[in-house]
Amino acid sequence: MHDFRVANGATEILLIRHADAQHPTTTAGVDIKEIDLPLSARGREQAQRLAERLSTRTIGAIYASPLKRAMETAAPLAEALGIGVLADERLREVEIAHVGPVSLNDLAEIAILHGGWSHLPGTESSAAIRERMQHAVDAIVQRHPAQRIAVVSHAGAINAYFAQLLALPKDFFFPAGNTSINTLRARNERRLVVTLNDTAHLERAT
């Protein structure tokens with residue numbers, strides 16, 4: 001553990017799922033890849049609570065998926081820290097093929113049942129999502145030695161990244177909560193998973 005302290009040169013990555021987004025009733029007639037949802041009122045409250053929790057910590061940079069729900073989640077923290085948000089396309093959600101008239105909650109149920117969406121024809125493969133997420137995080141680690149970095153992404157992408165680290169066969173293995181903080185530390189090529197699905201800041205959320 002001594003080697004994985006930020007004070008001793010390790011990089012700490014706070015990999016955060018975006019806050020609650022507005023949900024269309026159905027995806028019928030819509031290409032899922034094109035859905036770019038803003039935060040709901042509840043999501044904005046969650047993002048503010050996340051910012052309140054992390055604003056007293058030393059954070060060297062904030063990265064986020066370019067989708068609205070991720071950028072809007074990062075915004076209150078960026079404002080509190082007085083720094084900008086760096087968009088990284090590699091942090092986007094899994095590109096799911098059009099699956100007909102289903103709700104986004106249905107998509108979550110599919111992921112839980114099958115361990116991901118890669119079985120759906122036309123969906124981004126497990127290997128592809130794991131590779132781009134690994135490259136994104138590795139680049140951030142290399143760019144920010146001995147710093148704590150906040151990274152806002154999506155449930156499927158975060159699951160796939162940690163599944164890769166833990167050598168799990170399924171891409172989706174835990175229900176990442178909105179604004180959950182999933183922490184890892186990196187030292188050279190070594191990675192240490194510290195926490196998963198930490199949502200303590202939402203205990204008072206409505």
Carboxylate-amine/guanidinium contact [X] [Y], below 4.0 Å:
X      : Y      : answer
Arg190 : Asp3   : yes
Asp138 : Arg191 : yes
Glu12  : Arg5   : no
Asp198 : Arg53  : yes

Passing candidate, side chain to side chain contact (heavy atoms under 4.5 Å, CB included) with Tyr63, options Leu15, Val85, Ile149:
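So the option named by the test is Ile149.
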With heavy-atom distances below 4.5 Å as the criterion, would you say the side chains of [X] and [Y] are in contact?
X      : Y      : answer
Asp171 : Asn159 : no
Leu14  : Leu54  : yes
Val6   : Asn8   : no
Ile62  : Ile83  : yes
Glu131 : Gln164 : no
Arg57  : Arg148 : yes

Any idea which heavy atoms bring Thr73 and Leu50 closest together, and the distance?
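Heavy-atom minimum between the residues: CG2-CD2, 4.1 Å.
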Considering all heavy atoms of both residues, which atom of Glu89 and which atom of Pro66 are nearest to each other, and what is their separation?
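For Glu89 and Pro66, the tightest heavy-atom pair comes out as OE1-CG, 3.2 Å.
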Proximity of Tyr161 and His154 rings by center, below 6.0 Å
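Tyr161 vs His154: aromatic centres not under 6.0 Å.
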Counting only heavy atoms not in Glu52, do more than 12 sit closer than 6.0 Å to its CD atom?
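Correct, the count exceeds 12.
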